[in-house]
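First comes the structure, then the notes that go with it.
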Number of protein chains: 2
Amino acid sequence: MKHSAQRDAVREYLKSTKTHPSAEMVYEEVRKQFPKISLATVYRNLSLLVELGEAKKVATVEGNDRFDADTSEHYHFICEECNAVLDLEVPFAAQLDVEAGRNFAGTITGHEVIFHGICPECKKHYVTGGPVKISAK
Amino acid sequence: MKHSAQRDAVREYLKSTKTHPSAEMVYEEVRKQFPKISLATVYRNLSLLVELGEAKKVATVEGNDRFDADTSEHYHFICEECNAVLDLEVPFAAQLDVEAGRNFAGTITGHEVIFHGICPECKKHYVTGGPVKISAK
DNA sequence: CTGGGTGCAAATCCTTTGCACATTG
DNA sequence: CAATGTGCAAAGGATTTGCACCCAG
């Protein structure tokens, strides 16, 4: 595989941040060094990093894909208010895969845990009331 | 809120299946009874069911939104080959939220677990080799 | 020099929305 | 009848792709 400055920039930015950025966020950041880089290139390189095992896509319920260069097994928290993705310090439960496999005819190769709630930042702003819920009419 | 035959059909189909269908899948199915229903109506009603708490969106890494009318706390398995979403019989670990909250300044309201691997169906077809991995060039 | 990588624009895919008409309460 | 729901088509956002040009090996 060839080398390219853009690829390095995407990789390095992803490895340097803990924000679990979306492609757009990576684009905005890398653009500071490479004003002419295209969003397509960012997407291509992010996918490539995932294929190469240098990054992972984070599972999300809402919104767009988020990427994480920390490929170690760890869990995420996603804020219901602002969609921030944070790392959580909870011991990784490798035995869960075994337990889940007991009554399952398929093969389990891993798992992911996503906690949700309100992140520290949003919590500050909503101290007065409880979490904001949109109610149906 | 008003009643509508289409809404009932979407709700009933979702409650009747364990396939955790996408909007498109619901559309294809409900269309058998209501050939003129539009995909937009399916989307609208699925979102409504989620708002009403009668269904949940399933967190996924790849592909589009999947819906589940089983709102009880339970975990999912997603097949890396065919993207099938299956329920897994693993005890729900409510204490995880507490554990995760210990070193966290935000508020945790719940969590989701997604196991991944090869589903029973795909396993049959790929008996010969190991899991199919796309390698980078 | 030659194949892979990039930028750009167009194309796709999934989901949402505007609007006129149909339906429900 | 008034408000809500629907179908259709168009709009939107996110991601991918085709293609001509550029650059690293």
Side-chain angles (χ1 to χ4, degrees), chain A residues 1-14 20-52 54-68 78 82-83 85 134-137, chain B residues 1-14 20-52 54-68 78 82-83 85 134-137:
Chain A
M1 174 158 51
K2 272 194 193 174
H3 223 68
S4 98
Q6 291 91 325
R7 177 130 71 226
D8 291 345
V10 168
R11 176 190 286 116
E12 269 153 40
Y13 174 60
L14 196 60
H20 309 81
S22 63
E24 185 73 37
M25 293 157 87
V26 173
Y27 174 61
E28 288 307 333
E29 193 59 32
V30 174
R31 205 136 82 109
K32 294 175 185 167
Q33 295 171 56
F34 296 84
K36 305 210 66 178
I37 197 174
S38 81
L39 191 48
T41 294
V42 172
Y43 271 106
R44 277 188 286 240
N45 284 321
L46 285 173
S47 303
L48 191 61
L49 290 178
V50 171
E51 274 185 49
L52 295 175
E54 291 186 49
K56 286 182 177 177
K57 266 190 189 176
V58 177
T60 54
V61 180
E62 304 287 340
N64 44 11
D65 292 348
R66 306 289 290 256
F67 297 85
D68 189 354
I78 302 184
C82 69
N83 285 309
V85 179
I134 296 103
S135 60
K137 296 167 225 166
Chain B
M1 174 160 46
K2 274 195 196 176
H3 223 71
S4 98
Q6 291 91 326
R7 178 128 73 224
D8 291 345
V10 167
R11 177 190 286 117
E12 270 154 40
Y13 174 59
L14 196 60
H20 309 79
S22 63
E24 186 72 37
M25 292 157 88
V26 173
Y27 174 61
E28 289 306 333
E29 192 61 30
V30 174
R31 205 135 84 109
K32 293 177 185 167
Q33 294 172 57
F34 295 84
K36 304 210 67 177
I37 197 173
S38 81
L39 190 49
T41 295
V42 172
Y43 272 106
R44 276 188 287 241
N45 284 321
L46 286 173
S47 303
L48 190 60
L49 291 178
V50 171
E51 274 186 46
L52 296 174
E54 290 187 49
K56 286 181 175 177
K57 268 191 189 175
V58 177
T60 54
V61 181
E62 304 286 339
N64 44 10
D65 292 348
R66 306 288 289 256
F67 298 85
D68 189 355
I78 301 185
C82 68
N83 285 309
V85 179
I134 296 99
S135 60
K137 295 169 237 171

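For clarity, every value in this text was computed on a predicted model and none was experimentally measured. Letters A, B, ... are given to chains in the order of the sequence lines, protein chains preceding strands, and every chain is numbered from 1.
A/R11 places its CZ atom 11 Å from the P atom of C/dG5, with the value rounded to the nearest Å. Atom pair A/Y27:OH and D/dA14:P shows a separation of 13 Å (rounding to whole Å applied). Regarding A/R66, its CZ atom lies at a distance of 15 Å from the C1' atom of D/dG13, rounded to whole Å. The CZ atom of A/F34 sits 14 Å away from the P atom of C/dC8 (whole-angstrom rounding). Atom CG of B/D8 and atom P of D/dT4 are 18 Å apart (whole Å). Between A/E62 atom CD and C/dC14 atom C1' the separation is 14 Å, expressed in whole Å.
In this structure the side chain of B/H20 never reaches within 4.5 angstrom of the side chain of B/F67, judged on heavy atoms. In this structure, B/T60 and B/N83 have side chains that are not in contact, with every pair of non-hydrogen atoms separated by 4.5 Å or more. Counting heavy atoms from C-beta outward, A/L49 and A/V10 have side chains that approach closer than 4.5 Å.
Of the side-chain N and O atoms in A/N45, one or more sit less than 4.0 angstrom from OP1 or OP2 of C/dT6. Between A/Q6 and D/dC23, a side-chain N or O to OP1/OP2 separation shorter than 4.0 Å is absent. Between B/T41 and D/dG7 there is a side-chain polar atom (N or O) within less than 4.0 angstrom of OP1 or OP2.
From A/E54, atom CD reaches atom NZ of A/K56 across 13.5 Å, with rounding to the nearest 0.5 Å. Summarising the geometry, atom CG belonging to B/D65 is positioned 8.5 Å from atom OG belonging to B/S47; distances are rounded to the nearest 0.5 Å.
Screening A/M25, A/R31, A/K32 against A/E28 for a side-chain contact (heavy atoms from CB on, under 4.5 Å) leaves a single residue, A/R31.
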Legend entry - Summary of protein contacts for nucleotides 16-25 of chain C, nucleotide by nucleotide, where a base hit scores B, a sugar-phosphate-only hit scores S (4.0 Å, heavy atoms): BBB----BBS

